Amino acid sequence: MDSIGSLGLQQGEGAPSCPQEGLPCPSNSSEMVQECLQQFKVTGAQLRQIQTSLLGSMEQALRGQVGPAPAVRMLPTYVGSTPHGTEKGDFVVLELGATGASLRVLWVTLTGIEGHKVEPRSQEFVIPQEVMLGPGQQLFDFAARCLSEFLDVLPVDNQGLQLGFSFSFPCHQTGLDKSTLISWTKGFKCSDVEGQDVVQLLRDAIQRQGAYSIDVVAVVNDTVGTMMGCEPGVGPCEVGLVVDTGTNACYMEEARHVAVLDEDRGRVCISIEWGSFSDEGALGPVQTIFDHTLDHESLNPGAQRFEKMIGGLYLGELVRLVLVHLAQRGVLFGGHTSPVLRSQGSILLEHVAEMEDPSAGAARVHAVLQDLGLNPKASDAEWVQCVCMAVCTRAAQLCAAALAAVLSRLQHSREQQALQIAVATGGRVFERHPRFLSVLRETVMLLAPNCDVSFIPSVDGGGRGVAMVTAVAARLAAHRRLLEETLAPFRLTREQLAEVQAQMREAMAKGLQGEASSLRMLPTYVRATPDGSERGDFLALDLGGTNFRVLLVRVTTGGVQISSQIYSIPECVAQGSGQQGILLNWTKGFNASDCEGQDVVCLLREAIRRRQAVELNVVAIVNDTVGTMMSCGYEDPHCEVGLIVGTGTNVCYMEELRNVASVDGDSGQMCINTEWGAFGDDGSLSMLSTRFDASVDQASINPGKQRFEKMISGMYLGEIVRHILLHLTSLGVLFRGQQTQRLQTRDIFKTKFLSEIESDSLALRQVRAILEDLGLPLTSDDALMVLEVCQAVSQRAAQLCGAGVAAVVEKIRENRGLEELTISVGVDGTLYKLHPHFSSLVAATVRELAPRCVVTFLQSEDGSGKGAALVTAVACRLAQRTRI
Ligand code: ADP
């Protein structure tokens with residue numbers, strides 16, 4: 001037997017001399033008692049085995065591997081950092097499950113000033129047995145009644161009290177205020193609660209009670225509360241250890257080691273739930289027949305095997321079982337038991353602690369035993385004291401082995417050989433049991449010799465810590481409200497979108513009639529979409545937002561072949577002088593002088609003549625929208641709408657010629673370039689325009705113009721997001737309120753970031769990497785909020801675009817007097833094509849707003865260049881037909 005083994009029953013001066021230490025006792029009885037007590041002895045090797053096995057079980061659970069047997073759970077809490085000490089405010093704390101069959105309500109004031117503490121006020125309520133075992137609703141109603149009763153005598157006003165719920169049972173937490181009970185432990189067994197969100201159950205009960213308006217802000221368990229409420233000592237307090245009715249611990253783990261979290265930075269508090277540790281190989285050798293009996297007779301047989309050897313709820317019961325056993329063997333109490341002794345739960349932790357306390361003396365033991373209806377002899381008291389010691393010593397040693405496993409884990413994850421750490425301790429076993437902490441401490445020193453551990457008792461049962469967590473949660477909730485308020489104007493209702501559709505229809509009609517309208521509805525002189533009979537070689541020039549492309553398009557019976565050369569447009573050209581249709585005005589960031597109002601075909605002819613390189617006949621000038629429609633039209637004859645969502649946005653569609661006032665003729669069709677980017681320039685979109693749209697517009701090179709485009713297209717979405725982020729930072733919601741120079745830089749937030757950030761396959765940590773590249777250091781809360789901002793902005797863009805398309809297809813359907821229209825839309829533009837959700841949101845909006853149109857969206861492959869060639873080809877085809 002090694003040194004730890006002999007530690008077992010030698011603790012404390014003045015402890016009764018126990019039989020196995022070799023003192024004389026009735027030989028037969030002595031053997032029997034020794035045999036009994038021997039079972040509670042744990043050797044150093046056994047403790048080390050438990051330490052190693054528990055560590056393995058913890059690491060396995062962290063990796064997300066679940067074995068067949070119930071093991072430790074390693075449940076992440078939503079507590080990411082230990083308190084800063086700056087938390088302040090008044091909080092109500094409700095504790096359930098921390099202290100056995102009672103419920104505690106506390107009023108905690110955090111001053112935000114280090115070292116300045118206000119004593120909490122608290123009240124304890126005993127939970128009747130029938131409530132602990134009855135319907136769940138009854139338990140939560142009981143809790144709500146206790147809350148009211150407590151608050152009734154306090155001078156509080158009934159205005160949005162913030163409550164932290166300390167609920168100390170194994171739970172799956174999915175948010176600071178969302179926690180699903182996995183299973184009851186510690187003598188509770190209420191129906192209809194397992195698998196439910198306990199915060200919601202409490203909220204419902206408080207509402208049923210109706211007396212106070214209480215906001216349940218956060219839920220934590222007692223170990224987290226204990227850790228969080230601990231005053232930091234030499235080092236930070238990063239372990240919470242509770243031995244009360246049951247036992248559990250929590251500690252700060254590196255987030256990157258927690259598989260379920262998908263986090264790579266910072267730390268997170270993990271509730272180990274070590275009570276369910278059950279490795280047969282490690283625990284089997286230290287379990288006694290009494291442990292087996294206790295488990296068998298418990299409310300949850302087979303579960304929480306480790307806890308049942310340590311928790312205060314069970315220590316008295318183990319002692320009781322041993323005493324019954326020894327009495328029945330005739331060793332104790334003259335061979336008599338009593339009805340009280342024979343009934344489950346009659347020996348409480350308090351009794352054990354009292355009987356074991358050497359200072360109380362044998363008289364106290366006698367008194368306790370007499371209360372149990374027993375008639376102890378002088379020698380009985382000593383034996384009973386020995387039994388209590390054996391049971392409690394084993395509990396403290398097992399607890400030490402478990403704590404040593406946590407320390408090894410910390411040493412390993414922090415890559416520190418020598419660890420200096422503070423452990424916050426809480427629970428009635430620590431408070432009431434004189435020897436538990438000293439046995440625990442000595443055993444830890446032996447099992448984890450490289451760790452310098454200071455134990456800091458929690459002063460108010462973790463209530464302060466719960467309030468700390470609640471304070472942080474309240475701050476986060478306030479931030480969320482501000483975020484929601486900020487994004488609310490971006491969340492358009494169906495009615496708002498239908499209104500946009502209606503206004504677009506009106507503007508289209510007016511534009512076609514030549515009346516004042518923000519939609520110019522330009523005739524393109526393209527009178528037909530391709531029919532497949534087009535042939536020949538065509539040269540196309542494609543001036544997009546970012547590139548200038550020259551394409552040679554060969555249309556043969558075998559299809560369309562394209563060779564192209566791409567030139568990027570230098571900014572000095574894009575914004576310089578414009579020697580290059582009649583261009584109405586530049587959009588999408590182009591601002592070349594001398595072009596607006598000029599015939600671009602002439603400019604182009606001139607330019608070609610200046611170069612004198614080739615003899616070319618410029619047949620048609622096509623914008624990219626028309627080109628897109630035409631190029632898709634070559635594949636699908638239903639394609640009669642062209643849509644661009646790239647740097648800018650625009651739409652064209654086939655209109656009945658009779659509706660086009662500026663072009664003669666009543667039969668046939670003509671493609672109309674809506675130039676819908678300018679929609680709303682007459683103020684009709686002002687209802688939807690947010691302060692962020694106004695900022696983006698003001699900073700643009702064409703303030704007041706292209707209002708629709710500025711809510712939709714790639715040139716602007718990143719900027720809108722950037723303006724929102726600046727605003728949220730100024731409110732203190734993001735980036736801890738610290739404005740960075742980078743974020744003030746125009747165009748620093750590219751629209752492609754929206755695509756990357758909103759990509760489903762991307763983890764939040766990658767979102768953070770993108771933003772960190774931008775010099776924006778953020779927390780995971782920040783990353784989530786940035787994601788939500790991006791989603792709101794791109795969703796609005798796609799929905800507005802969809803409302804516009806709905807207006808166009810409905811017009812075509814009505815033009816043709818059809819009940820139902822089947823139509824395709826050719827689409828081009830990088831935003832539409834590469835954003836992960838844009839296209840499906842456009843389609844969904846169109847389905848909603850134009851239910852009688854069956855709309856297919858086709859992505860154009862070689863965009864406008866191929867289309868331009870096809871326009872020319874169709875023009876040649878129609879010209880030939882006219883000549884014939
Ligand atoms: P253009 O409209 O200039 O002819 P594009 O259709 O390629 O050319 O659109 C370019 C625009 O697309 C850029 O201004 C940029 O804002 C946006 N963009 C680029 N990459 C992405 C992306 N991955 N996701 C969303 N938008 C993007």
Side-chain angles (χ1 to χ4, degrees), residues 540-551 564-571 573-575 586-592 622-629 631-632 642-652 673 675-677 696 700-702 706 708-723 746-762 766-767 770 773-774 787 789-798 801 825-842 857-868:
L541 304 180
D542 172 19
L543 181 64
T546 37
N547 292 311
F548 182 61
R549 296 197 306 160
V550 182
L551 302 96
S564 72
Q565 181 92 39
I566 298 186
Y567 304 91
S568 66
I569 302 166
E571 193 155 342
V573 174
Q575 311 227 342
W586 290 110
T587 58
K588 302 195 276 190
F590 277 89
N591 202 7
V622 186
N623 83 358
D624 48 1
T625 326
V626 182
T628 299
M629 178 184 79
S631 89
C632 291
L643 166 67
I644 300 281
V645 195
T647 306
T649 181
N650 193 15
V651 148
C652 70
N673 168 12
E675 288 296 339
W676 83 359
V696 170
S700 70
I701 56 172
N702 52 354
Q706 301 294 107
F708 194 53
E709 175 165 273
K710 282 174 183 163
M711 293 173 145
I712 294 178
S713 75
M715 178 135 179
Y716 307 101
L717 296 194
E719 271 298 276
I720 300 176
V721 169
R722 187 180 69 87
H723 280 282
R746 209 176 127 180
D747 291 331
I748 193 96
F749 202 98
K750 306 277 180 226
T751 297
K752 75 165 192 220
F753 294 149
L754 274 78
S755 291
E756 290 173 9
I757 287 171
E758 291 180 61
S759 154
D760 291 334
S761 60
L762 218 64
Q766 286 159 295
V767 173
I770 293 170
D773 275 353
L774 281 180
L787 169 65
V789 171
C790 290
Q791 282 169 337
V793 170
S794 55
Q795 165 158 329
R796 184 188 66 161
C801 181
V825 178
V827 199
D828 202 354
T830 305
L831 172 58
Y832 182 93
K833 286 178 170 173
L834 294 191
H835 188 280
H837 308 299
F838 198 93
S839 56
S840 50
L841 281 168
V842 171
F857 290 86
L858 304 169
Q859 298 203 7
S860 91
E861 258 156 40
D862 211 314
S864 40
K866 174 176 156 191

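Predicted, not measured: the structure shown is a model, and the values here were computed from it. Counting starts at 1 for both ligands and their atoms, in listed order.
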Can you check whether Thr830 has an N/O within less than 3.5 Å of an N/O in ligand 1? yes
side-chain hydrogen bond (donor to acceptor under 3.5 Å, both in side chains) filter on His837, not counting sequence neighbours, yields Asp760
Out of all atoms in ligand 1, which are within 4.0 Å of some heavy atom of Gly646? Include the element for each. 2 (O), 6 (O), 9 (O), 11 (C)
Which of the numbered atoms in ligand 1 are under 4.0 angstrom from any heavy atom belonging to Gly829? 6 (O)
Taking distance alone, with N or O pairs closer than 3.5 Å, would you say His835 contacts ligand 1? no
Would you call Leu834 and Lys752 a side-chain contact if the rule is heavy atoms closer than 4.5 Å? no
Would a 4.5 Å heavy-atom cut-off, applied to side chains only, mark Val696 and His723 as touching? yes
I'd like the name of whichever of Ser713, Gly714, Gly718, Pro836 reaches closest to atom 17 (C) of ligand 1 through any heavy atom. Gly714
Search all heavy atoms of Leu858 against all heavy atoms of Cys632 and return the closest pair with its distance. O-SG, 3.9 Å
Which residues share a ring pair (Phe, Tyr, Trp, His ring centres under 6.0 Å) with Phe749, sequence neighbours left out: Phe753
Provide the number and element of each atom of ligand 1 under 4.0 Å from a heavy atom of Leu834. 22 (C), 23 (N), 24 (N)
